[in-house]
Participant: 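Could you have a look at this structure, given as structure tokens, before my questions?
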Amino acid sequence: MREKNSSSKLLTVQQVATLLSVNPSTVRRWAQNHTLIGHKVGLRGDWLFEEALVAQIAQNTKTNHPKHTSVIAGRGHLVQFYENESFLLSFLREFLQAGLRADEICIVVATKNHIETVEKSLPTDKQKLELARQQGHYITLDAEAALARFMEDGKPNNARFMATVGNLIAQSTNRGVPVRVFGEMVALLWREGNPKGATALEVLWNNLGNAYDFSLYCAYPMRLFDRESHEVPLEEIAKLHSEVIPTEDYTLLKGQTDRSFAITLLQQKAEALRGEIAEHRDTEDALRLSELRYKRLFEAATDGIMIVDARTLEVLDANPPVENLLEIATEDIIGKKLIDITPFAYCDRSKAKLLKLPAEKVMRHDLALKTETGEPRDLEIVASLYDEGPNAIIQLNLRDVTERKKAEQLEARNTNLVAERQQLVELNAAKDEFISLASHQLRTPATSVKQYIGMILEGYVGDIPEEQQHLLQQAYESNERQLSTINDLLRIAKLDANKLTLNKVKCDVLSLIKSVIKEQQSNLTRRKQRIQLPKNTEVQEVLADERHLRMVIDNLLDNASKYSPEGSVISVILRQQPDWFAIEILDQGIGIAKEDMAKLFQKFSRIDNSLSISVGGNGLGLYIAKRIIDAHDGEIGVTSTLQKGSVFTIRLPNDI
């Protein structure tokens, strides 16, 4: 077995990442697929790397970021993937610098932090940059604020996108100067867990590019594409661009010779390492298989899982769902103390339970969060203490129970609504019973009063002075209204209890209307009004309960007369069709406002207008009319225009 180079110092993942200008996660990925040879410490420990090997790789790649000519020249719709933000900002600086030097219009739609960082690094002095801004050659938009203006239900609204971004592009391209744009909004949408929204926004950018001549450069952090399910949307994004620029771990190598040399060097190191572990193959294979099974279960779990050092409460590992549940990048979790990570940092209950964990072994509680969008999220947290070698660990399981909580709340609300509905049904039944009983009890004495007053008015007890006769006449009319209201209440009680029995016969509708007009003639004459009937005198029949249909027509004609001015004409139109029969009553009255239409057919509903007080009424007539027509399987409706009149229409099925 080959001896390890004892003179070579071992470097940590973080040290290698700093030397090679990449993320620690990239270094770990290189080690796992043997692109970079390292030594794994323990079952769940981190990697260590020989300093000489890393230094050689760093020396071979020590050069300025290669300038993609298509990016710097500002051509097409380009997408840049990157591991480290400094790599992105370097490209963006070159992109803007080339545009400003060529006196092109540069538009930057990015986060405030990125805009400020790039502006500080531009070689152009502040005065020149401010002059370019004043001339409209340098324009910046806050990407987060722009998204808020045109995103709707997780999707970009095309009209709002055009108003927010499209109009700016159109105005800039119309100036006859080349326009180059950097856009970071798609990356923000992807970071928020909205890949469909990001793809839809890319399509809108392309549509805008078809309409106007400009170049577009956008960028995505590669860490956002850390799942197998991201392969298809990543491919979709690539197809929407004219050029795709890979991450720095590839582009840092200057040419094919350097890349081939690096690959050869890594292959040699891999072969040497395989030779060193040949004697321990059986143990290593078993260990690798065990770790692979653990890793598969760990990463494939739908719940978030965090492995924490029980002594220091430092997070040793976290699976991908944790990042989505807590909305914190994995690299911002691993290596930090649990109680310093949001939301645990602000939850005293979590801290208190964790402190009791060594004694109780298991902790379980719920935690309410708020996402970046402000939406509430409920997590169920279960922490278990395990002894693993010299150090104990805590396995923290996090499960999103938001939907379950919502379902429980809906179920509880539904139970309450059912109970409330039952109470309302019981109250309504008691109310109907009370109205029916009270109406019956009131009708008998009211009828007696009417009879006695009528006998007095007719002279059964002798002559009455004219002053007393006037008062008795008013009492008689008031008693008539009282009896009418009592009868209406009895009808409503019967209608609401579905006890209305219809005796349907063939009704001559025109004759029925003429009979109602005859009864109302004295009021019509007093108001100098006239009812215009259809000229067609043929018998027009409908199958209906004649007594109840008469009641509806009487109410509608009476209302038309009451709410129409003196000398006006009320028209009645009859329409007989194969499937239905319609009665239309048109007046020239004061009309009904739109906001009053909804309550027109409600119980005890009266519309406030100039005539509502003078004409009287109890607000039950139209309610009763609608219930009667409903019982006939018909419809009653109204159209109206203020100060011009109303049209009430009855439609009954033509069953004859």
Side-chain angles (χ1 to χ4, degrees), residues 507-521 523-524 527-538 540-542 544-546 548-603 605-612 614-654:
C507 300
D508 182 346
V509 179
L510 187 58
S511 298
L512 185 62
I513 293 172
K514 289 179 179 179
S515 175
V516 172
I517 293 172
K518 186 176 181 180
E519 290 181 358
Q520 296 186 9
Q521 191 58 54
N523 289 332
L524 293 168
R527 296 170 183 150
K528 300 177 183 179
Q529 295 170 336
R530 178 172 62 87
I531 296 182
Q532 182 176 297
L533 294 174
K535 295 181 180 179
N536 186 358
T537 58
E538 293 181 2
Q540 300 189 58
E541 295 181 328
V542 67
D545 185 304
E546 185 171 352
H548 288 95
L549 181 58
R550 180 190 188 92
M551 193 182 304
V552 174
I553 294 172
D554 180 71
N555 178 268
L556 295 182
L557 286 175
D558 185 49
N559 283 346
S561 175
K562 287 178 180 177
Y563 292 98
S564 294
E566 288 189 2
S568 60
V569 176
I570 301 166
S571 300
V572 178
I573 299 174
L574 304 179
R575 303 181 191 276
Q576 189 153 17
Q577 299 294 331
D579 298 327
W580 50 267
F581 187 93
I583 305 169
E584 297 179 4
I585 298 176
L586 298 75
D587 65 48
Q588 300 173 343
I590 59 177
I592 305 164
K594 288 183 179 180
E595 59 269 21
D596 292 328
M597 287 289 193
K599 60 182 180 180
L600 195 61
F601 294 98
Q602 293 178 3
K603 199 185 299 183
S605 175
R606 300 202 60 213
I607 308 302
D608 292 331
N609 54 50
S610 58
L611 295 176
S612 58
S614 61
V615 301
N618 52 32
L620 297 173
L622 287 177
Y623 174 78
I624 294 172
K626 186 176 188 311
R627 293 301 303 269
I628 290 173
I629 298 302
D630 288 345
H632 281 80
D633 297 323
E635 299 174 356
I636 183 170
V638 61
T639 59
S640 184
T641 304
L642 284 175
Q643 307 307 324
K644 291 187 178 181
S646 305
V647 180
F648 281 83
T649 303
I650 302 168
R651 285 166 57 102
L652 297 171
N654 198 354

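Model, not experiment: these values are computed from the prediction.
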Participant: Using the rule given for side-chain contact (heavy atoms from CB on, under 4.5 Å), can you reason through F581 versus V509, listing the C-alpha separation, both sets of side-chain angles and the distance that settles it, and then say yes or no?
Facilitator: CA-CA 10 Å; F581 187 93; V509 179; 3.7 Å; yes
Participant: Check step by step if side-chain contact (heavy atoms from CB on, under 4.5 Å) holds for V552 and I624.
Facilitator: CA-CA 8 Å; V552 174; I624 294 172; over 6 Å; no
Participant: Determine whether V572 and I553 make a side-chain contact, defined as any pair of heavy atoms from C-beta on separated by less than 4.5 Å.
Facilitator: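 Counting from C-beta outward, V572 and I553 never come under 4.5 Å.
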Participant: Hey, what do you get for CG (L652) to CD (E635), rounding to the nearest 0.5 Å?
Facilitator: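 That separation rounds to 9.5 Å.
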Participant: Please find the pair of heavy atoms, one from S646 and one from G591, that lie closest to each other, and give the distance.
Facilitator: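 Closest heavy-atom pair between S646 and G591: OG-CA, 3.7 Å.
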Participant: Evaluate the side-chain proximity of R527 to S564: yes if any heavy-atom separation is below 4.5 Å, no if none is.
Facilitator: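 Heavy-atom side-chain distance check fails, nothing below 4.5 Å.
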Participant: Within the 4.5 Å heavy-atom criterion, are F601 and I629 side-chain neighbours or not?
Facilitator: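 In short, these two side chains do not touch, never coming nearer than 4.5 Å.
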Participant: Starting at CD of Q529, measure out to CD of Q521 and round the result to the nearest 0.5 Å.
Facilitator: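 Q529 CD to Q521 CD: 10.5 Å, rounded to 0.5 Å.
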Participant: Any chance you could measure L574, atom CG, to E584, atom CD, to the nearest 0.5 Å?
Facilitator: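 Answer rounded to 0.5 Å: 9.0 Å.
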Participant: What's the spacing between L620 CG and R627 CZ if we round to 0.5 Å?
Facilitator: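 Interatomic distance, L620 CG to R627 CZ, rounded to 0.5 Å: 12.5 Å.
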Participant: Looking only at heavy atoms, which two atoms of A593 and L642 are closest? And how far apart?
Facilitator: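 Closest pair (atom of A593, atom of L642, distance): N-CD2, 3.6 Å.
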Participant: If you round to the nearest 0.5 Å, how far is CD of E566 from OG of S561?
Facilitator: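 Nearest 0.5 Å value for the OG-CD distance: 10.0 Å.
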Participant: So do V638 and T649 actually touch side chain to side chain, heavy atoms under 4.5 Å?
Facilitator: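 Result no, sub-4.5 Å side-chain heavy-atom pair not found.
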Participant: Check whether any side-chain N or O of H632 sits under 3.5 Å from a backbone N or O of P653 as a donor-acceptor pair, and report yes or no.
Facilitator: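 No, because the side chain of H632 does not come within donor-acceptor range (under 3.5 Å) of the backbone of P653.
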Participant: Are the side chains of L510 and K514 in touch, meaning some heavy atoms are under 4.5 Å apart?
Facilitator: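 L510 vs K514: side chains touch.
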Participant: Pair V542, N654 - check side-chain contact (heavy atoms from CB on, under 4.5 Å), show working.
Facilitator: CA-CA 6 Å; V542 67; N654 198 354; 5.6 Å; no
Participant: If I compare all heavy atoms of Q588 with all of S568, which pair ends up nearest, and what's the gap?
Facilitator: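 Scanning both residues completely, I find the closest heavy atoms to be OE1-CB, 3.5 Å.
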Participant: Judged by atom type as modelled, is there a donor-acceptor pair below 3.5 Å linking the side chain of Q576 to the main-chain atoms of E541?
Facilitator: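 Side chain of Q576 to backbone of E541, a donor-acceptor pair under 3.5 Å: yes, one is there.
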Participant: Pairs in or reaching into residues 549-560: which pass side-chain hydrogen bond (donor to acceptor under 3.5 Å, both in side chains), with residues at least two apart or in two chains?
Facilitator: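 Every pair satisfying side-chain hydrogen bond (donor to acceptor under 3.5 Å, both in side chains) with a residue in residues 549-560: S515-R550, E519-R550, Q520-D554, N555-N559, D558-K562.
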Participant: Under the criterion side-chain contact (heavy atoms from CB on, under 4.5 Å), which of I570, I513, I573 is the partner of I585?
Facilitator: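 Testing each of I570, I513, I573 against I585, the sole residue satisfying side-chain contact (heavy atoms from CB on, under 4.5 Å) is I570.
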Participant: Drop me the distance from R530's CZ to S571's OG, to the nearest 0.5 angstrom.
Facilitator: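 So the gap between those two atoms works out to 8.0 Å.
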